[in-house]
Amino acid sequence: MTLPSAEELRAARLRAVLVSLVVGVTLCLVKFGAWLITDSSAVLSDALESIVNVVAALFALGSLSFATRPADPSHPYGHGKVEFLSSGFEGGLVAFAAMVIVYQAAEALWAGHRLNSIGDGVILIAAAGVGNAVLGWYLVRSGRRIHSPAVEADGLHVLSDFWTSAGVVVGLALVWLTGWHVIDPLVAVVVGVNLGWMGTRIVRRAVGGLLDESDLELLSRLVDAFNRVENPGVIAIHRLRAIRFGGVAHIDAHLVVPRSWTVEEAHDVANRFEQSVIEHVGHHAEINFHLDPCRSTECGECGRDPRARQRHEAGRRLWTLEEVTGEAMPERLAS
């Protein structure tokens with residue numbers, strides 16, 4: 001499998017953000033038009049969320065331009081972590097918008113007001129909702145494909161905007177059918193609470209990325225790669241650590257190899273194993289393997305069974321996630 005180049009990944013990220021910005025501005029204008037003709041609190045809440053989409057897309061555009069810069073002496077791991085800042089900023093905007101929406105809805109409940117041109121408002125918001133669904137699906141799919149937390153967070157937010165629009169459409173329809181105008185601000189409150197939950201989730205993921213939280217999906221893919229690729233002489237793997245940002249995975253692990261090998265033999269095997277793992281995972285990665293010699297005090301099989309050394313040097317065994325991420329050298333070193 002041929003991995004896209006760094007330049008191709010950069011172009012794909014910027015393209016996704018530009019699409020988000022252009023479509024976001026268009027949908028924002030449509031929703032504010034719907035608010036002007038309906039005077040609906042629920043529609044206003046949807047429009048306010050769209051403003052957040054536009055601001056977040058602008059911030060993501062700047063952060064991605066910085067994140068795709070190559071590593072340099074001052075930033076040996078690259079600049080990719082700035083994407084988590086962008087993601088956290090977007091989550092904070094979403095949470096702030098949620099508070100504004102709930103406040104506006106409370107005012108509407110207190111003062112009471114009647115809606116206008118409900119049918120036209122339903123048509124405009126429904127059209128904008130479909131646009132959000134398509135855009136959100138595109139951004140989430142693109143973000144996961146190019147391993148961009150900023151783009152994926154933007155997509156998740158846009159998808160939440162689709163559900164917001166759907167709720168607003170339902171609320172307007174109920175007002176039109178029942179004549180109960182109090183439904184409108186109540187729908188806005190529900191929208192605000194849902195947005196607050198979404199914003200909290202986005203911030204939580206961003207903080208996890210900034211604190212180098214373990215990427216369980218990447219770790220599982222690595223274990224699958226360890227078990228599928230050829231690994232002659234790799235007796236055991238432990239202390240596996242992996243984080244991912246800026247489209248690059250940074251991986252560290254300890255490999256246990258036969259103590260009878262020379263440094264050159266162990267180095268060549270580790271290099272071949274590293275390349276095979278990267279190709280199988282299908283991800284741009286930097287892997288650092290620390291080589292440990294097998295020790296008779298921890299594995300006495302070679303002394304008890306003459307065939308054990310051959311099995312160890314031949315490799316071809318299966319590992320579990322618990323084994324490869326453990327701190328200590330695994331006790332069971334043979335197949």
Checklist entry - Which pair of heavy atoms, one from Ser165 and one from Gly129, lies closest together, and at what distance? => result CB-CA, 3.7 Å
Next on the checklist: To check you understand the geometry: which heavy-atom pair defines the closest contact between Leu159 and Trp137, and what is its length?
Outcome noted: CD2-N, 3.8 Å
Checklist entry - If two hydrophobic side chains count as joined below 4.5 Å and joins carry through other members, does Met99 share a cluster with Trp197? => result no
Item to check | Within-4.5 Å side-chain heavy-atom neighbours: Leu222 and Leu240 | outcome: yes
Checklist entry - From Leu135 CG over to Leu27 CG, what is the distance, rounded to the nearest 0.5 angstrom? => result 7.0 Å
Checklist outcome for this item: The residue among Leu321, Thr320, Thr325 that forms side chain to side chain contact (heavy atoms under 4.5 Å, CB included) with Glu323 is Thr320
Item to check | Verify same cluster id: Trp261, Leu255 (apolar side-chain graph, 4.5 Å) | outcome: yes
Next on the checklist: Whether the side chain of Ser20 engages the backbone of Ala16 through a donor-acceptor N/O pair (distance < 3.5 Å, no angle test) should be reported.
Outcome noted: no
Item to check | Flag side-chain contact, heavy atom, 4.5 Å: Val187 against Ile183 | outcome: yes
Next on the checklist: Could you report the tightest heavy-atom contact between Ala34 and Ile125, atom names first, then the distance?
Outcome noted: CB-CD1, 3.8 Å
Next on the checklist: Which residues pass the side-chain contact (heavy atoms from CB on, under 4.5 Å) test with Phe32, not counting sequence neighbours?
Outcome noted: Cys28, Trp35, Leu44, Ala47, Ile51
Next on the checklist: Applying side chain to side chain contact (heavy atoms under 4.5 Å, CB included) to Val277 and Phe226, what does each step give before you reach the verdict?
Outcome noted: CA-CA 7 Å; Val277 169; Phe226 294 159; 3.7 Å; yes
Next on the checklist: Is it the case that the side chain of Asp224 and the backbone of Ser220 share a donor-acceptor pair, with hydrogens and angles ignored and the cut-off at 3.5 Å?
Outcome noted: no
Checklist outcome for this item: Shortest non-hydrogen pair, Ile237 vs Ala253, comes out as CG2-CB, 4.2 Å
Checklist entry - Quick one: are Ile251 and Glu286 in side-chain contact, heavy atoms under 4.5 Å? => result no
Next on the checklist: For a side chain to side chain contact (heavy atoms under 4.5 Å, CB included) check, start with the C-alpha distance between Val256 and Val234, then their side-chain angles and the critical distance, and finish with the verdict.
Outcome noted: CA-CA 6 Å; Val256 180; Val234 180; over 6 Å; no
Checklist outcome for this item: With sequence neighbours left out, the residues meeting side-chain contact (heavy atoms from CB on, under 4.5 Å) with Val130 are none
Item to check | Shared hydrophobic cluster, Leu177 / Val168 (ILVMFWY, side-chain heavy atoms < 4.5 Å) | outcome: yes
Next on the checklist: A side-chain contact here means heavy atoms from C-beta on lying under 4.5 Å apart; do His254 and Phe289 qualify?
Outcome noted: no
Item to check | Atom pair CZ (Arg239) and CG (Asp292), whose distance is rounded to the nearest 0.5 Å | outcome: 8.5 Å
Item to check | Nearest-0.5 Å distance, CG of residue Asp120 to CG of residue Leu36 | outcome: 13.0 Å
Item to check | Minimum heavy-atom distance between Ala266 and Val257, given as atom pair plus value | outcome: CB-CG2, 4.2 Å
Item to check | Common cluster, Val269/Val263, ILVMFWY with side-chain heavy-atom separation under 4.5 Å | outcome: no
Item to check | Flag side-chain contact, heavy atom, 4.5 Å: Ile235 against Pro258 | outcome: yes
Checklist entry - If only atom types and distance count, is the side chain of Glu265 paired as donor or acceptor with the main-chain N or O of Thr262 below 3.5 Å? => result yes
Checklist entry - Side-chain heavy atoms under 4.5 angstrom apart, residues restricted to Ile, Leu, Val, Met, Phe, Trp, Tyr: same cluster for Val190 and Val175? => result no
Next on the checklist: Given 3.5 Å as the limit, does a donor-acceptor pair link the side chain of Arg204 with the main chain of Gly199, or not?
Outcome noted: no
Item to check | Residues Lys31, Asn132; criterion side chain to side chain contact (heavy atoms under 4.5 Å, CB included); working and verdict | outcome: CA-CA 12 Å; Lys31 291 179 180 180; Asn132 278 325; 2.9 Å; yes
Next on the checklist: Measuring from atom CG of Leu218 to atom CZ of Arg241, what distance do you get when rounded to the nearest 0.5 angstrom?
Outcome noted: 13.5 Å
Checklist entry - How about His267: does its NE2 atom have over 12 heavy atoms from other parts shown lying under 6.0 Å from it? => result no
Checklist entry - Got Tyr138 and Val19 here, is their nearest side-chain heavy-atom distance under 4.5 Å? => result yes
Item to check | Atom of Leu291, atom of Ala270 and distance for their closest heavy-atom approach | outcome: CD2-CB, 3.9 Å
Checklist entry - In Å, rounded to the nearest 0.5 Å, how long is the span from NE2 of His290 to CG of Asp252? => result 11.0 Å
Checklist entry - Who else is in Val30's hydrophobic cluster (ILVMFWY, side-chain heavy atoms under 4.5 Å, direct or via others)? => result Ile37, Leu124
Checklist entry - Between the side chains of Asn288 and His250, is a donor N or O closer than 3.5 angstrom to an acceptor N or O? => result no
